[in-house]
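Scroll down for the structure; my scribbles are underneath it.
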Amino acid sequence: MFQKTVKKLLAVTLAAVMLTGCGAAGGEAQNSSEENSGASEEGGESKGDKPSFVFVCTGQLGDKSFNDSANEGIQEIASALGCETKVIEIGRDQTKWEPTFQDLAEEGAYDVIISNGSSAIETIEKVADEFPEQKFVAFDCSIEEGAHPNLYAISYKQNEGSYLAGVLAALVTESDMEYANEEKKIGFIGGSEHPIITDFLVGYIAGAKSVDPEIKVYVSYIGSWDDTAKGKETAIAQYNQGVDIVFPAAEQAGLGCVEAAVEMDKYIIGVDSDQSMLFKGVDEDKANVILTSVLKNVGESLVRMANMEMEGTVPYGSYEDLGIAEDGAGIADNEYFQKNVPEEIRTRIEEEKQKVLDGVEIPTALGDADQDEVQALIDSVAP
């Protein structure tokens, strides 16, 4: 069976690899980003006629997820495009956000100020209006068309990638094997309740229900984006209820869920970045329990934006919604996915991906979505 096959593979891997803590891995990611940011001590003067960019991280690097994906894009803007860049981590203390954006805009050292808009968009909009000559880019959010002429926003169709993850989870789970009358169970763990996290959830549910309309989805929230210990505890609680695969959308806190999967001999679906590849060569046991990751290609979208900035084609004053067709979302297809997921399941996922490309409608929690319908979908899979 699928699970026994993967367990054998994991046993071989575990015998050959020494474990390292995810805290150490996170520290390595942070140090690397600072060394390769491409910024001079004096600030962000452009190299020649090329624009300069500063990424204000309203969180921490080292999450092997959303923030690291953005940072990788900034590094590529520096290395591949030759632009001056800088990364500033200001954490989750919201009292620091507005003064930081104001100071950067007032200094005018960078052509474009970039930040995560999922939590900070109101602050970014306010500062953008105060400094109309400064360009801003906010990712993981949308804006009112034409309301802020110097602000460009990028949103992602995370529901599309999550749909494919739901198909995978429903196909690989063996939670109904032990007892003939027991229903299939899969898990979802969010950092906290947020419309974007709900968008991940409804796509995941829709994909799972396309395989098994009677499947049950256990839903939990950590209440934090960086508490890895609480993330681990939450995942263990779901595994103890009979779930054998969990999808956490919880940034750094989700790393605790990966630890739980290893300890409980279960599986996990990563989020935002290709998380199994991030553990490759560092912690192979973690890499092998991550069957795939739902990708929000933040880094690629920022490189795309930088190329557009160099061409003068960034649609400031509006936003773009990037999905599978635009390479803004999807799931990871890497060596671990190829090794640990049976071919027939991979084939089914490709078929479902093509349906998305052909225009099949995936439920969403964003935009004009009927929230009563969203809740009804969530309730339909409640244990």
Side-chain angles (χ1 to χ4, degrees), residues 26 28-39 44 51-81 83-92 97 100-101 104 110-121 123-124 135-142 151-158 161 191 194 196-197 200 225-226 249-255 270-275 277-278 293-309 314 319-322 326-330 332:
E28 290 172 6
Q30 183 167 335
N31 292 338
S32 174
S33 69
E34 291 171 350
E35 292 169 2
N36 296 299
S37 67
S52 57
F53 303 86
V54 56
F55 168 40
V56 181
C57 177
T58 54
Q60 294 81 35
L61 300 180
D63 63 349
K64 297 188 179 296
S65 181
F66 197 75
N67 292 324
D68 282 0
S69 177
N71 185 55
E72 288 170 5
I74 298 300
Q75 292 184 45
E76 186 171 348
I77 290 170
S79 62
L81 303 184
C83 297
E84 199 75 30
T85 67
K86 187 173 184 179
V87 177
I88 301 174
E89 294 179 68
I90 58 175
R92 300 189 187 280
W97 295 359
T100 301
F101 290 126
L104 286 168
Y110 300 92
D111 294 306
V112 183
I113 298 172
I114 304 168
S115 194
N116 178 354
S118 57
S119 297
I121 186 56
T123 302
I124 296 169
K135 296 176 182 177
F136 290 83
V137 170
F139 56 86
D140 205 29
C141 63
S142 59
L151 171 60
Y152 165 61
I154 308 168
S155 61
Y156 308 92
K157 298 177 183 176
Q158 54 272 317
H194 185 285
I196 290 175
I197 300 304
F200 275 110
W225 299 103
D226 49 25
E251 293 189 15
Q252 190 159 350
L255 298 179
V271 71
D272 294 332
S273 297
D274 187 349
Q275 290 189 308
M277 295 303 290
L278 291 169
S293 295
V294 174
L295 303 177
K296 293 177 73 168
N297 293 327
V298 180
E300 288 90 335
S301 73
L302 294 182
V303 174
R304 174 178 178 269
M305 175 277 300
N307 274 297
M308 292 165 62
E309 180 66 25
V314 176
Y319 76 94
E320 293 185 278
D321 198 15
L322 309 180
E326 299 82 14
D327 197 30

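Throughout, numbering of the chain's residues begins at 1 and tracks the sequence. Hydrogens, waters and symmetry mates are skipped; everything else that's a heavy atom, side chains included, is used.
Side chain of S293 to backbone of A332: no donor-acceptor contact under 3.5 angstrom is found. Looking only at distances, no side-chain donor or acceptor of D226 sits under 3.5 Å from a matching main-chain atom of Q252. The main-chain N or O of G254 is never found under 3.5 Å from a side-chain atom of W225 such that the two would form a donor-acceptor pair. Of the possible donor and acceptor atoms, one in the side chain of S69 sits under 3.5 Å from a partner among the backbone N and O of G299.
Expressed to the nearest 0.5 Å, how far CD of Q158 lies from CG of L322 amounts to 11.0 Å. A distance of 11.5 Å separates CG in L302 from CG in N307, rounded to the nearest 0.5 Å. In this structure, S142 OG and I154 CD1 are separated by 12.5 Å, a value rounded to the nearest 0.5 Å. E72 contributes atom CD, which lies 9.5 Å from atom CG of D274 (distance to the nearest 0.5 angstrom). Of the inter-residue distances, the one linking I124 atom CD1 with N116 atom CG reads 7.5 Å to the nearest 0.5 angstrom. Distance check: E251 CD to R92 CZ gives 4.5 Å after rounding to the nearest 0.5 Å.
V298 has its side chain out of reach of D272: every pair of non-hydrogen atoms, C-beta onward, lies at least 4.5 Å apart. At a threshold of 4.5 Å between non-hydrogen side-chain atoms, the residues M305 and F53 count as touching. Side-chain contact between C57 and N71: absent, with no pair of heavy atoms (C-beta onward) separated by less than 4.5 Å. You'll find the side chain of D111 stays beyond 4.5 Å of the side chain of E84, heavy atoms only.
Under the salt bridge (Lys or Arg N to Asp or Glu O under 4.0 Å) test applied with K296, the options D321, D140, D68 reduce to a single match, D140.
Shortest non-hydrogen contact noted between V303 and G73 is CG2-O, 3.6 Å. When every heavy atom of S115 is checked against every heavy atom of T58, the shortest pair comes out as OG-CG2, 3.7 Å. The two atoms that bring A138 and G117 nearest to each other are CB-CA, 4.2 Å, heavy atoms only. In this structure, N297 and A329 approach most closely via the heavy-atom pair ND2-N, 4.1 Å. Across all their heavy atoms, S118 and I196 have their closest contact at CB-CD1, 3.8 Å. Nearest heavy-atom pair across Q275 and G270 is OE1-CA, 3.0 Å.
A salt bridge is absent between E326 and R304; no separation between the charged side-chain nitrogens and carboxylate oxygens falls under 4.0 Å.
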Full working for side-chain contact (heavy atoms from CB on, under 4.5 Å) between V112 and V314: CA-CA 11 Å; V112 183; V314 176; over 6 Å; no
Candidate pair V87 and N67, rule side-chain contact (heavy atoms from CB on, under 4.5 Å), full reasoning: CA-CA 11 Å; V87 177; N67 292 324; over 6 Å; no
Verdict with reasoning, E320 to Y152, per side chain to side chain donor-acceptor pair (under 3.5 Å): CA-CA 8 Å; E320 293 185 278; Y152 165 61; 2.5 Å; yes
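Below 30°, between 30° and 60°, or above 60°: for F66 and Y156 the angle between ring planes is above 60°, a perpendicular geometry.
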